[in-house]
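One structure is given here, and the rest of the page talks about it.
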Amino acid sequence: MKASAFHLFTTRETPAEAEIASHRLMLRSGMIRKLTSGIYTWTPMGLRVLRKVEAIVRDELDKAGYLEMLMPAVQPAELWDETGRWEKFGGQLLKIQDRAGRDYCFGPTHEEVVTDFVRNEIRSYKQLPVTFYQIQTKFRDEIRPRFGVMRAREFLMKDAYSFHIDHASMDETYWEMYEVYSRIFTRTGLRFRSVEADSGAIGGSQSHEFHVLADSGEDLIAFSDQSDYASNLELATVAKPPGNLAAPAEKLRVVDTPDAHTIDELVSGYGAAIEKTIKTLIVHAAGECEADFVALLVRGDRVLNELKAARLEQVASPLRFASDEDIRSAIGAGPGSLGPVGLELPVVADQEVALMSDFVAGANSDNKHYFGINWSRDVDLPVTADLRNAVAGDLSPDGQGNLQLARGIEVGHIFQLGTAYSEAMNAVVLGEDGKSHVLHMGCYGIGVSRIVAAAIEQNHDERGIIWPEPIAPFQLALLPMNAKKSHRVRAAADQLYAELLEAGVDVFYDDRNLRPGVMFNDIELIGIPHRVVIGERGLDNGALEYRQRNDTENSELPLEGALAAILEKLQAG
RNA sequence: CGGGGCGUGGCGCAGUCUGGUAGCGCACUACAAUGGGGUUGUAGGGGUCGAAGGUUCGAAUCCUUUCGCCCCGACCA
């Protein structure tokens with residue numbers, strides 16, 4: 001591609017709206033332009049990257065024998081009524097009407113449509129298992145779109161759905177898809193990790209997420225340094241800590257703590273060691289619980305895991321924290337002064353809290369804390385559970401190694417749906433036994449447009465994007481120096497360009513007659529992995545200059561046989 | 001939805017407090033010089049200051065309403 005025939009939309013300045021690196025760089029390199037909140041145009045440059053990601057995804061899915069199709073983006077409300085999701089999906093569902101006033105939505109996902117298709121077309125177990133997929137624009141009316149295409153409202157997604165006669169078949173395809181996903185993300189050239197995930201409201205027994213690792217990622221993942229264990233932090237179980245309850249060493253005493261309303265203030269103002277403090281969190285109780293509220297205890301330096309808390313039978317799900325007023329009327333003290341001693345509410349303690357001794361907690365009286373609290377002696381040992389987020393250094397739940405934490409960007413998610421949708425929509429087939437069987441389903445998503453942003457988030461520097469080769473918009477940039485004046489430079493560049501094209505190289509030939517600095521900056525901003533410079537200087541020595549996006553120094557390639565030398569560099573990556 | 005901020009040429013901004021008829025940098029056009037890391041000069045084009053209403057002799061500026069966008073939070077099969 002010649003630059004003169006390919007519009008670049010690079011900018012020197014960053015639009016004020018861009019907060020994170022990938023968004024800034026996508027705007028500056030001219031890959032995307034915003035139309036309105038959460039909705040973007042992909043420019044020719046941006047689309048090249050998107051298409052490369054798409055091609056990898058498609059290729060691996062096709063190889064696995066899954067069938068590409070294309071379903072409608074606009075879907076009738078009746079279908080969504082069948083699964084109850086017209087209401088349940090909430091504000092994220094973009095609802096629209098046609099001229100007759102009939103309700104439709106712009107598809108945020110396609111379980112309903114694909115299940116409808118399958119229940120109409122698939123009659124027999126002999127046609128199973130089958131997996132359909134599509135790569136299509138989705139729309140989810142996010143409460144707060146942000147970070148450019150990272151969390152856009154309109155985005156490109158690969159969604160796949162598998163159908164099975166039974167659970168075993170679904171399980172088999174699920175793990176097959178897990179491998180396919182691993183191959184896909186490996187091929188993109190990105191550093192990624194698959195983790196156990198919460199299957200959430202969609203239900204189902206198995207779920208994994210695939211994360212591109214990046215320090216700016218919004219998700220935290222925990223993994224063992226010695227085994228394959230890896231999990232989304234919200235799901236990572238904390239092993240029961242070893243050890244026994246120590247004998248009390250201190251006396252229980254009340255301390256006036258007028259300036260301590262948080263753990264930090266308790267530590268800094270009153271000399272409490274943070275690992276000797278406990279946080280008392282009041283949440284709404286489950287309907288069947290006799291009390292209105294439940295107290296949850298975690299160590300002062302730990303973070304309550306809301307997902308784990310909501311799973312407790314005593315606790316309302318989803319988790320709801322009690323308001324300050326609720327707490328005051330139930331306990332008679334404010335949130336900064338709560339503790340287990342003398343508390344007349346059901347209490348659940350994190351398993352680690354049960355092993356604490358001589359600890360500090362609120363006295364359920366404003367501006368007072370107990371110091372030197374010990375279980376049994378001062379207050380009954382409560383029920384215990386795993387309530388906190390894992391932290392780096394925790395024992396791995398599988399008993400092998402210790403946990404480490406990393407940040408990730410979720411780019412893929414696979415689920416075993418089971419019969420949730422097929423039952424609601426009466427999607428059945430005849431089995432070998434001559435009877436109707438409700439279909440088992442799996443669903444599998446990849447955020448294609450998000451991968452592009454995640455790739456940049458993982459691979460960039462102060463100059464711009466550093467594309468992994470497999471998804472770079474161009475493999476190689478060819479830059480002639482001062483070609484306007486130098487006919488031999490131009491001639492050499494033209495010739496090499498022709499040879500590269502002939503050899504099938506995805507080359508970007510900057511024939512814009514710009515000053516070198518401008519070209520260098522553009523090419524580095526766009527992040528093309530390889531660069532060849534042709535100038536008078538080099539021609540005098542029979543050489544070309546070569547460097548990779550990551551290099552800090554140029555190297556030389558012979559002008560004679562340049563094509564072969566370049567191809568070798570491209571091969572080597 | 002709650003809290004905060006911003007809307008002035010394509011982009012980044014000043015001007016708003018204290019009303020006087022719109023400015024800077026980048027980008028763009030033409031010409032010239034320059035030519036290995038965002039080059040310089042000269043001359044240009046482009047904005048009903050988000051929108052509507054009001055106050056005033058006069059509104060980017062003051063008042064009211066409204067729309068959009070961004071950030072934090074809640075939310076995120």
Side-chain angles (χ1 to χ4, degrees), chain A residues 7-20 23-24 27-28 30 33-39 80 83-85 88-93 107-112 138 140-148 150-153 155 157 159 161 197-204 207 209 218-219 232 234 306-307 318-321 409-410 412-418 420-421 424 441-445 447 450 463-464 479-486 489-490 510 512-525 531 533-540 544-545 547 552 554:
Chain A
H7 287 276
L8 290 186
F9 304 100
T10 53
T11 63
R12 203 187 287 214
E13 284 176 296
T14 311
E17 70 200 43
E19 284 288 309
I20 62 168
H23 190 194
R24 274 200 305 271
L27 288 168
R28 282 199 54 212
R33 285 293 181 256
K34 184 175 72 176
L35 181 62
T36 184
S37 178
I39 300 181
W80 286 72
T83 56
R85 290 211 294 179
K88 262 193 298 191
F89 212 91
Q92 274 206 77
L93 193 62
T109 179
H110 279 66
E111 282 83 9
E112 281 81 1
K138 298 282 192 276
R140 295 181 190 179
D141 198 358
E142 292 282 345
I143 291 173
R144 185 149 87 86
R146 57 186 129 171
F147 305 148
M150 187 77 84
R151 173 162 311 220
R153 294 196 291 173
F155 59 99
M157 181 176 177
D159 47 325
Y161 308 89
D198 180 29
S199 46
I202 202 164
S207 178
E209 292 167 350
E218 287 193 279
D219 293 324
N232 193 306
E234 63 182 9
E306 300 189 15
L307 210 61
L319 192 76
R320 280 183 300 138
F321 285 99
I409 298 164
E410 184 190 343
H413 203 160
I414 58 178
F415 296 90
Q416 292 191 3
L417 294 180
Y421 291 88
M441 259 178 97
C443 83
Y444 320 89
R450 181 181 279 184
R463 292 178 171 279
L479 308 183
M481 296 293 102
N482 197 16
K484 193 175 182 180
K485 284 277 177 63
S486 168
V489 166
R490 167 155 295 246
D510 200 339
R512 294 179 294 174
N513 287 324
L514 295 173
R515 301 180 73 85
V518 179
M519 290 194 286
F520 291 147
N521 280 310
D522 267 354
I523 295 307
E524 282 163 356
L525 176 60
R531 171 179 109 184
V533 171
I534 299 184
E536 288 278 352
R537 254 188 229 166
L539 292 182
D540 288 341
L544 302 174
E545 289 158 39
R547 83 198 268 175
T552 49
N554 287 329

Open item on the list: Applying a 4.0 Å non-hydrogen cut-off, can you work out what A:R463 is touching in the nucleic acid: base, sugar-phosphate, or nothing?
Closed with: base
Open item on the list: What contact category does A:R28 fall into here, base, sugar-phosphate, or nothing, at under 4.0 angstrom with non-hydrogen atoms?
Closed with: base
- [ ] In plain terms, say whether A:E524 and A:R531 are close enough for a salt bridge, that is, a side-chain N and a carboxylate O under 4.0 Å apart.
- [x] yes
Which one is paired to [N], where only Watson-Crick or G-U wobble pairs with both distances under 3.5 angstrom count?
{"N": "B:G44", "result": "B:C28"}
{"N": "B:G9", "result": "none"}
{"N": "B:G2", "result": "B:C72"}
{"N": "B:G38", "result": "none"}
{"N": "B:C49", "result": "none"}
{"N": "B:A22", "result": "none"}

Taking only the [atom1] atom of each, what is the distance from [N] to [M] in whole angstrom?
{"N": "B:G3", "M": "B:U65", "atom1": "P", "answer": "15 Å"}
{"N": "B:A60", "M": "B:G47", "atom1": "P", "answer": "16 Å"}
{"N": "B:U61", "M": "B:C17", "atom1": "C1'", "answer": "9 Å"}
{"N": "B:C13", "M": "B:G7", "atom1": "P", "answer": "9 Å"}
{"N": "B:G25", "M": "B:G9", "atom1": "C1'", "answer": "13 Å"}
{"N": "B:A74", "M": "B:U29", "atom1": "P", "answer": "47 Å"}
{"N": "B:C69", "M": "B:G50", "atom1": "C1'", "answer": "10 Å"}
{"N": "B:G38", "M": "B:C76", "atom1": "C1'", "answer": "40 Å"}

TODO: Classify the side chain of A:R547 versus the base of B:G37 as yes if they form a donor-acceptor pair under 3.5 Å and no if they do not.
DONE: yes
Excluding sequence neighbours, so at least two apart, what forms side-chain contact (heavy atoms from CB on, under 4.5 Å) with [X]?
{"X": "A:R151", "value": "A:E142, A:R146, A:E218, A:R450"}
{"X": "A:I143", "value": "none"}
{"X": "A:T83", "value": "A:R85, A:E112, A:Y421, A:A424, A:M425"}

Open item on the list: For a quick check, with a 4.0 angstrom heavy-atom cut-off, what is the B/S/- contact string for nucleotides 23-36 of chain B, read 5' to 3'?
Closed with: --BSS------BBB
Open item on the list: Can you list everything that forms a ring-ring contact (aromatic ring centres under 6.0 Å, His included) with A:F147? Sequence neighbours excluded, please.
Closed with: none
Could you go through nucleotides 70-76 of chain B and list every protein N or O atom that sits under 3.5 Å from one of its N or O atoms, giving the distance for each pair?
unit_1 : atom_1 : unit_2 : atom_2 : d
B:C70  : OP2    : A:S37  : OG     : 3.0
B:C72  : OP2    : A:R144 : NH1    : 2.7
B:C72  : OP2    : A:R144 : NH2    : 2.5
B:C75  : N4     : A:R146 : NH2    : 3.4
B:C76  : O2     : A:R151 : NH1    : 2.0
B:C76  : O2     : A:R151 : NH2    : 2.9

Look only at the side chain of [X] and the backbone of [Y], and say whether a donor-acceptor pair between them is shorter than 3.5 Å.
{"X": "A:T36", "Y": "A:I39", "value": "no"}
{"X": "A:Y161", "Y": "A:H110", "value": "yes"}
{"X": "A:R140", "Y": "A:P108", "value": "yes"}
{"X": "A:R33", "Y": "A:F9", "value": "yes"}
{"X": "A:R153", "Y": "A:D141", "value": "no"}

TODO: Round to the nearest Å and state the distance from A:R512 atom CZ to B:G38 atom C1'.
DONE: 11 Å
Task: Rounded distance (Å) that lies between atom P of B:C69 and atom CG of A:L27 - done: 15 Å
